[in-house]
K.L.:
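Dropping a structure here in structure tokens format, bear with me for questions.
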Protein chains: 2
Amino acid sequence: MRLMSPPVGLTALADTDLVGQVARILTQAIIKGQMLPGAKVVEAGIARELGVSRAPVREAARLLEQQGLLVSHPRRGFFVRKLEATDIDEIYDLRICVECHAGVLASKNMTPANRDMLRRQIDVMHETAAIDDHARQIEEDYKFHRMICEIAGSKRLLRLFDDLASELRMTIGLIGRLYDDPHRIAQTHEALLEVLEQGHPDIITARIDYHIGAAWREVGKLVRELPSSTNGAAT
Amino acid sequence: MRLMSPPVGLTALADTDLVGQVARILTQAIIKGQMLPGAKVVEAGIARELGVSRAPVREAARLLEQQGLLVSHPRRGFFVRKLEATDIDEIYDLRICVECHAGVLASKNMTPANRDMLRRQIDVMHETAAIDDHARQIEEDYKFHRMICEIAGSKRLLRLFDDLASELRMTIGLIGRLYDDPHRIAQTHEALLEVLEQGHPDIITARIDYHIGAAWREVGKLVRELPSSTNGAAT
DNA sequence: CAAGATTAAACTGTCGACAATCGACGATTA
DNA sequence: TAATCGTCGATTGTCGACAGTTTAATCTTG
């Protein structure tokens, strides 16, 4: 008779998942700059602080390692990754490659609903530009770009974007300021949306290439101003 | 005065790493088809079979999950991923995106040494084409493409390629045969090397796009011939 | 006989413990 | 004095165990 399951599909609140929680907490700690690049991640310490055992912490650390937020020196432990200028370059280079592709795919899947979603996000960016919260502004910016990857409709593409984004977020904690006027940034996204609706692959590619390239150049400047970084790979 | 270190560089013998070993063994088992898509991965079973405890197995499984070879259903365990036609499409689509980019980068870094390395690999492919070992032929094919990513000089690009390749290798165990005459495949790589030396980005992109696209179409045909696959995501 | 309820087995998630290893600090020697 | 050696505390890698949940197997009942 099946009266057991009220058929509505709610998002499973499967948060008995310690590993995932620990991973999120660690990620946040790294992004927020509470754990600085190069810092050692002491398993027992984290475990005690979170009130769990070391096993979930280790598994979470392995996740963040694969994600590029931590590096593992066998028998020595995990360390917060130190991104060097060359890493930033690699990430932005890949980001351009990936997002150009996502843009072209997205333009093919463009529907009124999608268009509105992007449009609304740009509005949010303008609103956020008024208040003085850089972290928030950057987050809204990422959201827009993430939407493009969502619309592109490839899970792998989206995950790749998320990975790159979380690596980039690491540096934000260090830079701590934007590379341009928030309103201007929001405007460039309007232009981007426009060419997406247009639908010419070459133009989309050129536009996104320029758009992200601009951020790359600016961020690159800021990073190179920072205290020089020797890689976490000691000895 | 620095008389401390006799400077001889020995290769570090860092393989006490159980997790890595387990991960490699599981990966091989999946690629070789010993663990079929959809199969449950029983931690205790693997652990006993390998003579280790469950902890390293779990951590290895998490690695393979992030790599896309396993899927984790919380509280139910890990399962060998079932790739559907749409997954294959996603992977090839991304592969084209990534390798086109790698090709352009590689052509910029092209040196005589690199050129020779690629040339020699093509020779190996021709040699391998003579003997009847499909797995080996495919492996040599991948090696060539991997070299391009290496020459491109981006660690992230290379890792991305490796991830995609290992996902694709999963299906090979199922398909079990090549999609074309091995010699012909080797020849197409010669053409590829040629345009790489030439160095025109657009031509390189077009060439690689076509090259991988051809494989995609052929593999796609083969996959769709196989027994249909419902995703491992039950309920 | 089939569908549902009940019980038993198997498995996962998590924990605490123990040995092996690493890094630091001080002792030793030229 | 400066470099090397030895020792000690801290930390990792791995293990076995236990509780809670899922799966299967069995029993019940209409």
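Chain naming here is simple, since letters A, B, ... match the order of the sequence lines and numbering starts at 1 in each.
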K.L.:
Hey, are B:Arg58 and A:Glu59 close enough for a salt bridge, meaning a charged N less than 4.0 Å from a carboxylate O?
P.N.:
yes
K.L.:
Walk along nucleotides 6-20 of chain C from 5' to 3' and tag each nucleotide B, S or - by protein heavy-atom contact under 4.0 Å, base first, then sugar-phosphate.
P.N.:
-----SBBBB-B---
K.L.:
Under a 4.0 Å threshold between the charged nitrogen and the carboxylate oxygen, would A:Arg81 count as salt-bridged to A:Asp87?
P.N.:
yes
K.L.:
Per the side-chain hydrogen bond (donor to acceptor under 3.5 Å, both in side chains) rule, what does the pair list look like for residues 46-57 of chain A, sequence neighbours excluded?
P.N.:
A:Glu43-A:Arg54
K.L.:
Quick one: list whatever passes side-chain contact (heavy atoms from CB on, under 4.5 Å) with B:Asp133, sequence neighbours left out.
P.N.:
B:Ala135, B:Arg136
K.L.:
Is A:Glu90 reaching over with its side chain to a backbone N or O of B:Arg156, donor-acceptor style, under 3.5 angstrom?
P.N.:
yes
